[in-house]
Amino acid sequence: ETLDKGLEKTKESFFSKLNRAIAGKSKVDDDVLDNLEEILVSSDVGVDTTLKIIDRIEERVARDKYVNTNELTHILREEIAGLLTENNSTDIDEFAVPEDKRPYVIMVVGVNGVGKTTTIGKLAYRFKQNGLSVYLGAADTFRAAAVEQLVIWGERVGVPVIKQKMGSDPASVAFDAVSSAKAHNVDVVIIDTAGRLHNKANLMNELTKIKNVMGKIVPGAPHEVLLVLDGSTGQNAFEQAKQFTAATDVTALAITKLDGTAKGGVVIGISDQFKIPVKYIGLGERMEDLQVFNSKEFVDSLFG
Ligand code: GDP
């Protein structure tokens, strides 16, 4: 029901538009499909994914000759569910860590303001709830506020934050955090990084350097590179995903601030476009407001 509440605005906006588009129409025709296309694009599903969905529905209409507008919601739901499950497996316990991958290292990337620190705090909370020990590494050494925020989350959740003075080398902070975690048999290390996008080569170099340093201490680290995107920014989130996936191997996505936005369609488009699993969604500012993304629950909630 947290998910239902979180997706409320997306749902309301989408279905009110859809209902208007099919009002007084009994048959799915070109007109209805044109409207649907517009609705999906304006719901931030993204143009490419929208066209893919429309194509599939068109095929179906061509095959079945007559499709009732009442069936449209159902068909749409199937198509969206299909797209989402292609890229998201749901049967892993996200807050457990294999014995042979400890410390399990998560490097968190994303631009400032998207909810990176909050997501790190929420993740730390969930791992801790699951009985695992956690260290946080403050490798965004460029903004005093970033370190301060991370320290506040560390205190809130009750996990240590490894930091150095402002302006120090991010890779050195990552080194400290991971080697200290290893020495103390800590289960999970979550590394915050600076999200400055103005220079792609810089970003790439910096992230690569941090990764390499960690991999030398713990082979296979980072085990996860989590890109945090702000769902409420719609197309900006697509753009950021493009830039970060070009700069480093992103292995998972967290999409935040889905509460209070009508742009929840980004989850569908981004998952489809980037073929990277959406692993977490943010549905509020509190520690508890992070959900492991489950495509079935998401679709159920959107169409339920
Ligand atoms: P960072 O600069 O990327 O580290 O962003 P922060 O973690 O500091 O978050 C920026 C703002 O977004 C803060 O006010 C957070 O409380 C808020 N925020 C983060 N995640 C969510 C979310 O899922 N929902 C809502 N409503 N707010 C969020």
Side-chain angles (χ1 to χ4, degrees), residues 1-13 44 94 106-126 134 136-157 159 161-163 166 170 173-174 177 190-198 203 206-207 210 225-234 236-237 239-241 243-244 247-248 250 252-267 270-271 278-294 297-298 301-302:
E1 70 293 353
T2 330
L3 186 61
D4 288 343
K5 209 166 167 298
L7 295 178
E8 218 166 51
K9 286 208 174 141
T10 298
K11 192 172 161 166
E12 267 172 26
S13 145
D44 286 277
E94 306 287 343
I106 305 172
M107 180 167 96
V108 183
V109 302
V111 304
N112 300 332
V114 293
K116 218 169 5 149
T117 318
T118 307
T119 302
I120 292 171
K122 290 169 172 177
L123 286 173
Y125 169 72
R126 293 293 291 272
V134 182
L136 303 181
D140 180 353
T141 59
F142 296 89
R143 290 186 311 150
V147 181
E148 280 161 23
Q149 279 303 311
L150 201 66
V151 168
I152 291 172
W153 271 104
E155 282 166 3
R156 198 176 285 160
V157 177
V159 300
V161 178
I162 312 301
K163 57 177 179 156
M166 290 314 301
V173 179
I190 311 176
I191 306 288
D192 187 19
T193 62
R196 297 159 309 148
L197 263 184
H198 54 255
L203 179 74
E206 188 170 299
L207 296 179
I210 297 174
V225 177
L226 181 69
L227 171 63
V228 181
L229 299 169
D230 177 346
S232 71
T233 63
N236 277 344
E239 198 44 49
Q240 289 165 18
Q243 304 200 23
F244 274 94
T248 190
V250 175
L253 303 173
I255 303 185
T256 64
K257 308 189 200 180
L258 289 177
D259 54 304
T261 177
K263 296 178 186 290
V266 289
V267 172
I270 285 183
S271 148
V278 176
K279 218 160 176 182
Y280 310 105
I281 50 177
L283 295 164
E285 298 187 278
R286 301 170 312 151
M287 292 224 236
E288 302 83 7
D289 298 331
L290 180 83
Q291 286 205 352
V292 172
F293 180 73
N294 176 311
E297 283 170 11
F298 185 83
S301 191
L302 211 53

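Because the structure is predicted, anything quoted here is derived from the model rather than measured. We count ligands from 1, going down the list as the structure has it; atoms in each ligand are counted the same way.
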Could you name the option among Ile281, Ile152, Thr118 that has the heavy atom nearest to atom 20 (N) of ligand 1?
Thr118

Assess Val111 for proximity to ligand 1: is some non-hydrogen atom of it under 4.0 Å away?
yes

Any heavy atom of Leu283 sitting closer than 4.0 Å to ligand 1?
yes

Which option out of Arg143, Glu285, Arg286, Lys122 puts a heavy atom nearest to atom 17 (C) of ligand 1?
Glu285

Side-chain contact test, heavy atoms from C-beta onward, threshold under 4.5 Å: evaluate it for Lys163 versus Leu150 and give yes or no.
no

Measuring from atom 8 (O) of ligand 1, which candidate in Asp140, Asp230, Thr117, Thr119 has the nearest non-hydrogen atom?
Thr117

Could you tell me if the side chain of Tyr280 sits less than 4.5 Å from the side chain of Leu123, heavy atoms only?
yes

Any side-chain heavy atom of Glu206 sitting closer than 4.5 Å to one from Thr193?
no

For atom 2 (O) of ligand 1, the closest protein heavy atom turns out to be Gly113 N, 2.6 Å

What atoms of ligand 1 come within less than 4.0 Å of a heavy atom belonging to Gly282?
23 (O)

For atom 26 (N) of ligand 1, what is the nearest protein heavy atom, given as residue, atom name and distance?
Asp259 OD2, 2.7 Å

Going by the closest heavy atom to atom 21 (C) of ligand 1, which one wins out of Gly231, Gly284, Gly6, Gly115?
Gly284

Got Lys5 and Leu283 here, is their nearest side-chain heavy-atom distance under 4.5 Å?
no

Thr256 and Thr119, any side-chain heavy atoms less than 4.5 Å apart:
yes

Test item: Phe293 and Ile255 side chains (from C-beta on) under 4.5 Å apart, heavy atoms
no

Looking at ligand 1, would Gln149 count as a contact under a 4.0 Å heavy-atom criterion?
no

Between Leu229 and Leu253, is any pair of side-chain heavy atoms under 4.5 Å apart?
yes

Could you name the option among Lys116, Gln291, Lys257 that has the heavy atom nearest to atom 3 (O) of ligand 1?
Lys116

Heavy-atom side-chain contact between Leu3 and Ile281 under 4.5 Å
yes

